[in-house]
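As structure tokens, the structure follows; a few thoughts come after it.
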Amino acid sequence: MSSTPSKIMIDEYDAKLGYHRSVLPLDIRLGITTTSSPSSSSSLEQPLLLRWGLLATGKVAHDFAQALKFLPHHTITAVGSRTIERAEWFARRHDIPTAHGTYEELTSDPNVDIVYIASLHPDHKDHAVMALNSGKHVLVEKPMTMRAEDAQLLYDLGMEKQLFVGEGMWTRFFPAVEWTRSRIGGGCNDDDDDDEGEAVVEPKIGNVRVIQADFSIDGEDVGPYPTDSLYAKELGGGSAWTMLPYVVGAFSLPFGSREPDRITANGIIPDDDYDVGDVAIGMTMTFTIDDNESHQQQQSASRANNIDSRPPPRNKAIASGVVGYLAESSEVTMYAGKRGRIIVNAPAHCPTSATLIRKPVGSRGNGATSSDSGGDSSSSNPTTMHVEFPLPLPSKAILDSGGVQLPNSMGFVYEAEAVRRLISAKYYTFPQWTPEESVGSIRTIEQMLNQINQ
Ligand SMILES: NC(=O)C1=CN([C@@H]2O[C@H](COP(=O)(O)OP(=O)(O)OC[C@H]3O[C@@H](n4cnc5c(N)ncnc54)[C@H](OP(=O)(O)O)[C@@H]3O)[C@@H](O)[C@H]2O)C=CC1
Ligand SMILES: O=C1OC[C@@H](O)[C@H](O)[C@H]1O
């Protein structure tokens, strides 16, 4: 079994399943944004009822259980904990019929179709392998594993057994992020003002060239230093594994499986007797935009015409970000292209809104006057489009059993419903967060940690 992903292997994977991402039905690719049943199944078929088993009973397991209660075609049939007392307590709280006092019993429960791995990340790999070897689909919380080769192993095992394997990068399923994805891109010639003078109904910002993202919290609001799992290395501590997956995922949204050309990272690791991970990381990355051919054509055409008007490189992008536990940051993600920028509003790892600010080509936005921009004042006015995607409201049953503990957790419905649609269409990975991106993101985090730990 190969330990590193390769293009060929992924293509073989798609071929084996009889699907290719590009031909996946739209409603399956785009999670829950439509409420109709998957287009691959006939309308006479009953929708698949997905039977979940929850592995672990911590904060995220609680919130995920709450979101599942909102969804009609999902049920939680069992929960497993390291102790039967804790499993029974959780089962009572969430009205779950079966409680198991070991994770092994949970993963071999015949009434479970899919195991949600909500234990701490140092254990994700072993718990997911256990579930897959028992014939269960798995949704593994982020970070899927703490080594890229372990994540690859899980995807390979899923492929071999024809079982769903996904990393819970839930951000990707929020409608505000789907909308953002649909508003970026456009090729290297994205400065052609082809819609000048027309009302732009579906504005795009062109290829993303600059990204800024941050996700920093005040760790003291969450758990005690140095013993909490935010910090303690044996529990997966360090913002590299808890916060950074979101920022790396935000960076890769426009570039898919294309990993960064170059990564630089600087971090703060407490000088402590206790074995703790980093409490902050700052980073930059550069990417190549996938439009090299037209970029080269454009460059050579410009050179042939007039070497002095040669445009700057159009096929490169730069991203910068900060994560950590030192103080709460604004938590927005900003994508900028030739035609404007999109702000994924706070909290950007689980957003309910986004704002697109369109910039007329050839003019300065950001308050420039007509003389600054060299154009007339009407064309230099940026237009703004704000979209809101409110979360489902928790029902009384959800509120009575404790509501949610983490920000916007009702948004787990999008990811969970995407899983159900995919499994019902016999498609066994997320097109929204592919195995290549998932494994690549872990490899990127490993590279940053290597730099920080030097
Ligand atoms: N997608 C998202 O929004 C979120 C994802 N996460 C991810 O989910 C995972 C769990 O996080 P979270 O729920 O916050 O963590 P918690 O500490 O709240 O819960 C972790 C659970 O793991 C089990 N566990 C197994 N071994 C240990 C151990 N040695 N020490 C402590 N607990 C252990 C426990 O369940 P039991 O006692 O039942 O066996 C415990 O309740 C992490 O990987 C995290 O990155 C976390 C928060 C949000
Ligand atoms: O995954 C997570 O880890 C960090 C938390 O602050 C955040 O709410 C959660 O989604």
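Since the structure is predicted, the reported quantities are computational estimates derived from the model, not experimental observations. Any value given below was found using the heavy atoms of this structure, including those in side chains, with hydrogens, waters and symmetry copies removed. If you read the sequence from its start, that first residue is 1, and numbering goes on from there. First listed ligand is number 1; within each ligand, the first listed atom is number 1.
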- Message: I'd like to know whether Ser401 forms a side-chain hydrogen bond (donor to acceptor under 3.5 Å, both in side chains) with Gln66, so could you lay out the CA-CA distance, the side-chain angles of the two residues, the decisive distance to 0.1 Å, and finally the verdict.
- Response: CA-CA 8 Å; Ser401 49; Gln66 298 292 54; 3.2 Å; yes

- Would you call Arg420-Glu417 a salt bridge at under 4.0 Å N-O? yes

- Message: Donor-acceptor check, side chain of Ser409 to backbone of Val404, threshold 3.5 angstrom: yes or no?
- Response: no

Is there any protein N/O under 3.5 Å from an N/O of ligand 2, and what does the full list of such pairs look like?
| residue | atom | partner | partner atom | Å |
| --- | --- | --- | --- | --- |
| ligand 2 | 1 (O) | Lys142 | NZ | 2.9 |
| ligand 2 | 1 (O) | Tyr246 | OH | 2.6 |
| ligand 2 | 10 (O) | Tyr246 | OH | 3.1 |
| ligand 2 | 10 (O) | His349 | NE2 | 3.1 |

- Message: My understanding is that only residues two or more places apart in sequence, or in another chain, count here; which of them pass side-chain contact (heavy atoms from CB on, under 4.5 Å) with Asp123?
- Response: Ser119, His127

- Message: So that I can tick it off, tell me whether Arg147 and Glu446 are bridged by a salt bridge, with the cut-off set at under 4.0 angstrom between side-chain N and carboxylate O.
- Response: no

- Between Arg172 and Glu437, is there a side-chain N and carboxylate O pair less than 4.0 Å apart? yes

- Task: Identify, with sequence neighbours excluded, every residue that meets salt bridge (Lys or Arg N to Asp or Glu O under 4.0 Å) alongside Asp400.
- Result: Lys396

- Quick one: do Lys316 and Asp261 make a salt bridge, cutoff under 4.0 Å? yes

- Mind telling me whether Phe255 and Phe287 have parallel, tilted or perpendicular rings, with 30° and 60° as the class edges? parallel

- Kindly tell me which protein residues have any non-hydrogen atom under 4.0 angstrom away from an atom of ligand 1, grouped by chain and ordered by number? Ala56, Thr57, Gly58, Lys59, Val60, Ser81, Arg82, Arg86, Tyr103, Ala118, Ser119, Leu120, His121, Asp123, His124, Glu141, Lys142, Pro143, Trp170, Leu235, Tyr246, Leu406, Phe412

